[in-house]
Amino acid sequence: MYQTIPKPRRESRSLRFLYHTRPGRVCLRAATTRTLSSAAGAFLVSRMSAPMIKGFVRTNHIRVSDFEDRKYHSYNDFFTRRINPGLRPIDQTPGHLISPCDGKLSVYPIHKNSSFHIKGGDYTVAELLHNHTLAKKFSGGTCLVFRLAVDDYHRYCYFDDGSKGRNYFIQGRLHTVRDIAQERYTVFKQNCREYTVMNTKHFGLAVQIEVGAMIVGRISNLHGIASFRRGDEKGKFEFGGSTIVLLLQKDAAVIAPEILKATEKDLETVIRMGECIGTRGPGARTQNN
């Protein structure tokens, strides 16, 4: 049984100022640059940021006992903390599709022209990947969007056994991934992002895209060309909220009906890394085929 939540409607005063006022939109041009992100990042990895940890824990109701018990030397050191073994069990059933991360999940069909629609914005796979040839392979497939809030676990894993190529980084801006930005901007094709093409054992060809968000300029993937096992750590986000987009080919997976119904009702499904969110589909082209 999955937990569903409404998408956040109330935004902070600062986000309302940036996205809903003319002076704010002038400031937004600077706030969404990698230059500001780099400057903020330099502070957040320094020891001077360590006093922020206590307030962050309190504000976001984080259960510190769930994570490794050690001294954290900076805000980012705590933000990228590792969870205790056993608290994110990985479903190892071969035909189960698992979530690569903690987050709030929405699922969208990819149409025959490789486009899909999210919150008032039209996207194409080619715009996300800057690769028309690769995009055509996902026509009729499925787009899974995992929104990570600041209180989520910000390390992510591989969702199946397989192999991968190099990581492709696409430069861009750093809008928040909240609805307030998506109402005005096509965030996932404007923000900086990094994608990986994966050949998986049970679900065929897939692409995983890590999308940076406001003040999150750093996407840290661990591997270049490599083989991997389901549940192996793939990487981590640093500094703040972010998004993972997973693209699957046509009929590669059957997503749990409850998740699909929630998306249709404009609800998000709360998911944990390693949790089953669907099953292998009838059209999955596995590595052995």
field: Under 3.5 Å donor-acceptor, Thr59 side chain and Phe56 backbone
entry: no
message: I need the minimum non-hydrogen distance between Cys101 and Leu148, along with the two atoms involved.
response: SG-CD1, 3.9 Å
Lys164 side chain reached by Val197 side chain, heavy atoms, under 4.5 Å: no
task: Flag yes if Met48 and Met52 sit in one hydrophobic cluster, no otherwise; membership is Ile, Leu, Val, Met, Phe, Trp, Tyr, and two members link when side-chain heavy atoms are under 4.5 Å apart.
output: yes
query: Are side-chain N/O atoms of Lys234 and Thr196 paired as donor and acceptor at under 3.5 Å?
result: yes
statement: Closest non-hydrogen atoms of Ser106 and Thr263, given as atom of the first, atom of the second and distance, are CA-OG1, 3.5 Å
- prompt: Taking NZ, NE, NH1 and NH2 as the nitrogens, is one of them in Asp102 or Arg88 under 4.0 Å from a carboxylate oxygen of the other?
  reply: yes
- line: Here the gap from Ser227 atom OG to Asp161 atom CG, rounded to the nearest 0.5 Å, amounts to 10.0 Å
Side-chain donor-acceptor pair present, Arg47, His73, cut-off under 3.5 Å: yes
message: Has Asn60 got a side-chain atom pairing as donor or acceptor with Ile62's backbone, closer than 3.5 angstrom?
response: no
- request: Sort and list the pairs that fulfil salt bridge (Lys or Arg N to Asp or Glu O under 4.0 Å) and have at least one residue in residues 53-62, not counting sequence neighbours.
  value: none
query: Checking side-chain contact (heavy atoms from CB on, under 4.5 Å) for the pair His130/Arg193: CA distance, chi angles, key distance, verdict?
result: CA-CA 11 Å; His130 289 189; Arg193 54 203 181 274; 3.5 Å; yes
- line: One should read off an interatomic distance between Leu205 CG and Thr200 OG1, to the nearest 0.5 angstrom, of 8.0 Å
message: Testing the basics here: between Tyr75 and Ser49, what is the closest heavy-atom pair and its distance to 0.1 Å?
response: N-OG, 2.9 Å
- prompt: Does the Thr93 side chain pair with the main chain of His96, one donor and one acceptor, at a distance under 3.5 Å?
  reply: no
message: Does Asp151 form a side-chain contact (heavy atoms from CB on, under 4.5 Å) with His61? I'd like the steps, not just the answer.
response: CA-CA 8 Å; Asp151 56 331; His61 309 289; over 6 Å; no
field: Heavy-atom side-chain proximity of Glu194 to Gln208 below 4.5 angstrom
entry: no
task: Might you work through the side-chain contact (heavy atoms from CB on, under 4.5 Å) test for Leu247 and Tyr195, ending with a clear yes or no?
output: CA-CA 10 Å; Leu247 305 177; Tyr195 76 86; over 6 Å; no
- prompt: Do Asn76 and Ser74 have side-chain N/O donor and acceptor atoms under 3.5 Å apart?
  reply: no
- prompt: Where the side chain of Asp232 meets the backbone of Phe228, is there a donor-acceptor pair that is under 3.5 Å apart?
  reply: no
query: Can Lys104 and Asp152 be counted as an ion pair, charged N to O under 4.0 angstrom?
result: yes
message: Minimum heavy-atom separation for Cys157 and Ile90, please, with both atom names.
response: SG-CD1, 4.4 Å
message: When you group the ILVMFWY residues by side-chain heavy-atom contacts below 4.5 Å and let the links chain together, are Leu44 and Val150 in the same group?
response: yes
- request: Grab the two heavy atoms, one from Pro6 and one from Leu267, that are nearest each other, plus how far apart they are.
  value: CA-CD2, 3.7 Å
- prompt: Counting only heavy atoms not in Arg70, do more than 12 sit closer than 6.0 Å to its CZ atom?
  reply: yes
field: Basic-acidic side-chain contact under 4.0 Å: Arg280, Asp160
entry: no
task: Please check if Phe78 and Leu87 belong to a single hydrophobic cluster, counting links between Ile, Leu, Val, Met, Phe, Trp and Tyr side chain heavy atoms closer than 4.5 Å.
output: yes
message: Is the shortest side-chain heavy-atom distance between Ser139 and Lys250 below 4.5 Å?
response: no
Distance (rounded to the nearest 0.5 Å) between Arg272 CZ and Ile83 CD1: 8.0 Å
- prompt: Going by atom types only, do Glu210 and Asn221 share a side-chain donor-acceptor pair under 3.5 Å?
  reply: yes
- request: Rounded to the nearest 0.5 Å, what's the gap from CZ on Arg82 to NE2 on His154? Could you check?
  value: 15.0 Å
message: Under 4.5 Å between side-chain heavy atoms, counting indirect links through other Ile/Leu/Val/Met/Phe/Trp/Tyr residues: same cluster for Tyr2 and Phe159 or not?
response: yes
field: Pairwise side-chain contact, Glu268 with Thr4, heavy-atom cut-off 4.5 Å (strictly under)
entry: no
message: Distance check, rounded to the nearest 0.5 Å: Ser163 atom OG versus Asn199 atom CG?
response: 5.0 Å
message: Is it true that Glu258 and Thr269 share a donor-acceptor pair across their side chains at a distance under 3.5 Å?
response: no
- prompt: Which pair of heavy atoms, one from Gly274 and one from Ile98, lies closest together, and at what distance?
  reply: O-CG2, 3.6 Å
message: A side-chain contact here means heavy atoms from C-beta on lying under 4.5 Å apart; do His223 and Tyr158 qualify?
response: yes
- request: For residues Tyr72 and Thr80, determine if any side-chain heavy atom of one lies less than 4.5 Å from a side-chain heavy atom of the other.
  value: no
Electrostatic pair Glu238:Arg155 at N-O distance under 4.0 angstrom: no
message: Parallel, tilted or perpendicular: which one describes the rings of Tyr153 and Phe67, with boundaries at 30° and 60°?
response: tilted
message: Under 4.5 Å between side-chain heavy atoms, counting indirect links through other Ile/Leu/Val/Met/Phe/Trp/Tyr residues: same cluster for Tyr168 and Leu134 or not?
response: yes
query: Parallel, tilted or perpendicular: which describes the rings of Phe237 and Tyr156, with under 30° parallel and over 60° perpendicular?
result: tilted
field: Pair Ile259-Leu105, side-chain contact (heavy atoms from CB on, under 4.5 Å): steps then yes or no
entry: CA-CA 8 Å; Ile259 296 174; Leu105 173 61; 3.8 Å; yes
query: Just how far is it from atom CG of Leu246 to atom OG of Ser99, taken to the nearest 0.5 Å?
result: 9.0 Å
message: So, using side-chain hydrogen bond (donor to acceptor under 3.5 Å, both in side chains) as the criterion, who are the partners of Glu275 when residues are at least two apart?
response: none
message: Any heavy-atom pair between the side chains of Leu129 and Ile209 that's under 4.5 Å?
response: yes
- prompt: Is any side-chain heavy atom of Ile255 less than 4.5 Å from a side-chain heavy atom of Leu97?
  reply: yes
